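Just so it is clear, the structure is predicted and the values come from calculations on it, not from any experiment.
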Amino acid sequence: MANLRPLTEDLQKVAIELGEVPSRLDDDLAALKEWIRQQPHLRANTDDQFLVAFLRGCKYSMEKTKSKIDRYFTLKGKFPELFGAIDVDDPKYREILRTGTWLFLPTPLHGNGPRIGIMRDGVYPADQFRIEDVMRLVHAMQDIIMLEDDYAILQGAIFIGDFEKSSLAHLMQLTPSIMKKMTVFSEEAVPLRPKAQHFINTIAGFEPVFNMVKLMMSKKQQSRLFVHGNKMDSLIKEIPLKYLPKEYGGENGSVEEIIAEWDKKLDQYRDYFKRSAEWGTDEKLRPGKAIDFESLFGIEGSFRKLDVD
């Protein structure tokens, strides 16, 4: 019997719409674990809750699920400065967390829809923290969401980028190389399906960064990008005000409350992130042709999909 959280009735319906057959779930998870066992290069988390997130996020396409799991551990191992597990007791990650640069809001859209995340660019001191450290914390938070947030997995996620406090120094940290890695990881390795990305309070210098990132994304994800500038009314048409934090005039928690909750979560996941050091890939043992990472992710090259399956 699979060791999984029970879904609410509404979410169970969504899971079935995505292709989940409850009576076959044990067999699906067993098949996935057997496939992982047979991969000589792959050391992966085989906990049921972790694996079902990939199955649901890939709409139960077994081949897509296998590919995404492989890419998840491949990229985490290759680029640990961005995607590797954090030491939750490292003060710099707690300091970044407490700036509130990234928030996952407590109530999903309309109460039972996609999870809402807000990236508040510029609230961390650019002269004290590197974007790599910020994103490493964000990806650790994303790992927690993957493990415990059924709304995010089944209903997807909506992201808001708020650039009100951003500066040129913050934008300069977003190099083409870093943005390419982050875009690829989001699209090719993470089982969270972005439903929309909204950008507000944009500043001078935002447009070149936005255009650079847009070119790296799939056509489907490009169609889900919305730039509102300083027009909050435009955003509220898509996300009703009550689902935004109190600081934005809404009712969906306060920045202080959300930070406090995630401070506790990091403590709860201390052992998990320590255990995750055991997972990854050994590229010397990968069957078939080795991955040319420099060609795939070099600043001068354009991204081509990883051929791992």
Side-chain angles (χ1 to χ4, degrees), residues 2-20 22 25 29 45 47-60 65 68-69 72 76 83 85-86 88 93 97 100-120 135-161 185-187 189-198 224 239 242-245 250-255 257-273 275-276:
N3 184 21
L4 299 172
R5 279 188 307 276
L7 296 173
T8 65
E9 184 177 349
D10 286 347
L11 286 179
Q12 185 64 72
K13 290 178 181 177
V14 174
I16 291 171
E17 290 171 1
L18 293 176
E20 185 163 307
L25 193 50
L29 289 168
N45 181 2
D47 291 350
D48 290 339
Q49 199 69 58
F50 176 84
L51 295 179
V52 81
F54 281 84
L55 283 168
R56 289 168 173 165
C58 295
K59 297 183 179 180
Y60 273 81
T65 299
K68 191 157 271 199
I69 288 173
Y72 175 85
K76 273 185 170 286
F83 311 124
I86 65 169
V88 302
Y93 294 117
L97 174 72
T101 192
W102 191 271
L103 308 168
F104 284 105
L105 307 189
T107 301
L109 185 64
H110 304 307
N112 61 356
R115 181 64 59 191
I116 304 169
I118 299 183
M119 184 273 290
R120 301 161 70 230
M135 295 315 302
R136 192 168 180 177
L137 171 65
V138 171
H139 287 113
M141 296 170 71
Q142 187 172 256
D143 281 353
I144 294 172
I145 288 290
M146 283 168 45
L147 290 166
E148 66 175 44
D149 189 346
D150 295 319
Y151 287 102
I153 294 296
L154 290 163
Q155 298 282 41
I158 293 173
F159 298 106
I160 301 170
F185 188 72
S186 175
E187 288 203 11
V190 177
L192 297 175
R193 293 174 293 118
K195 294 295 187 178
Q197 297 187 54
H198 299 273
R224 297 173 176 176
I239 303 174
K242 69 177 292 186
Y243 295 106
L244 296 179
E251 305 170 14
N252 204 356
S254 69
V255 171
E257 291 166 348
I258 295 168
I259 290 171
E261 180 63 25
W262 276 89
D263 230 348
K264 295 176 185 176
K265 282 185 186 294
L266 291 187
D267 288 336
Q268 294 166 2
Y269 279 83
R270 178 178 287 104
D271 291 342
Y272 175 85
F273 287 124
R275 185 160 64 101
S276 70

Applying side-chain contact (heavy atoms from CB on, under 4.5 Å), run through M146 and F50 and close with a yes or a no. CA-CA 7 Å; M146 283 168 45; F50 176 84; 3.9 Å; yes

Is K76 reaching over with its side chain to a backbone N or O of F83, donor-acceptor style, under 3.5 angstrom? yes

L103 side, atom CG; I258 side, atom CD1 - distance, nearest 0.5 Å: 5.0 Å

Do P245 and I118 come close enough that some side-chain heavy atom pair is under 4.5 Å? yes

Please examine the side chains of T107 and K242, heavy atoms only from C-beta on, and report whether any two atoms are closer than 4.5 Å. no

Side chain of R120, backbone of G100: donor and acceptor closer than 3.5 Å? yes

Is a donor from one side chain sitting under 3.5 angstrom from an acceptor on the other, for Y72 and D143? yes

I'd like to check L51 versus I69 (side-chain heavy atoms, cut-off strictly below 4.5 Å). Are they in contact? yes

Quick one: do V190 and Q142 satisfy side-chain contact (heavy atoms from CB on, under 4.5 Å)? Show the steps, please. CA-CA 9 Å; V190 177; Q142 187 172 256; 3.5 Å; yes

Measuring only between side-chain heavy atoms, which start at C-beta, is L147 closer than 4.5 Å to R5? no

Expected output: side-chain R224 to main-chain P194 donor-acceptor under 3.5 Å: yes

Quick check against the 3.5 Å criterion: does R115 have a side-chain atom that pairs as donor or acceptor with the backbone of I153? no

L55 side, atom CG; L25 side, atom CG - distance, nearest 0.5 Å: 7.5 Å

Look up atom CG in L97 and atom CG in L137, then write down how far apart they are to the nearest 0.5 Å. 5.5 Å

Ignoring hydrogens and angles, tell me if any N or O in the side chain of Q197 forms a donor-acceptor pair with the backbone of G161 under 3.5 Å. no

For the residue pair W262 and F104, does the interplanar ring angle fall in the parallel (under 30°), tilted (30 to 60°) or perpendicular (over 60°) class? tilted

Between F185 and H139, does the side-chain contact (heavy atoms from CB on, under 4.5 Å) criterion hold? Intermediate values first, please. CA-CA 10 Å; F185 188 72; H139 287 113; 3.7 Å; yes

What are the two closest non-hydrogen atoms of R193 and L154, and how far apart are they? NH2-O, 2.7 Å

Under 4.5 Å between any side-chain heavy atoms of N252 and L244, yes or no? no

Just how far is it from atom OG1 of T101 to atom CE of M135, taken to the nearest 0.5 Å? 8.5 Å

CG/D10 to CD/Q155 distance, rounded to the nearest 0.5 angstrom? 8.5 Å

Rounded to the nearest 0.5 angstrom, the NZ-CD1 distance for K265 and I144 is 7.0 Å

Any sub-3.5 Å donor-acceptor pair from K68's side-chain atoms to F54's backbone N or O? no

I'd like to know if the side chain of N3 and the backbone of D48 have a donor-acceptor N/O pair within less than 3.5 Å. no

Compute the centroid of each ring, for Y243 and then for H110, and state whether the two points are separated by less than 6.0 Å. yes

Result of checking E148, K264, R275 against Y269 for side-chain hydrogen bond (donor to acceptor under 3.5 Å, both in side chains): E148

Okay, side chain of D149, backbone of Y151: is any donor-acceptor separation there less than 3.5 Å? yes

Search all heavy atoms of P108 against all heavy atoms of G113 and return the closest pair with its distance. CB-O, 3.2 Å

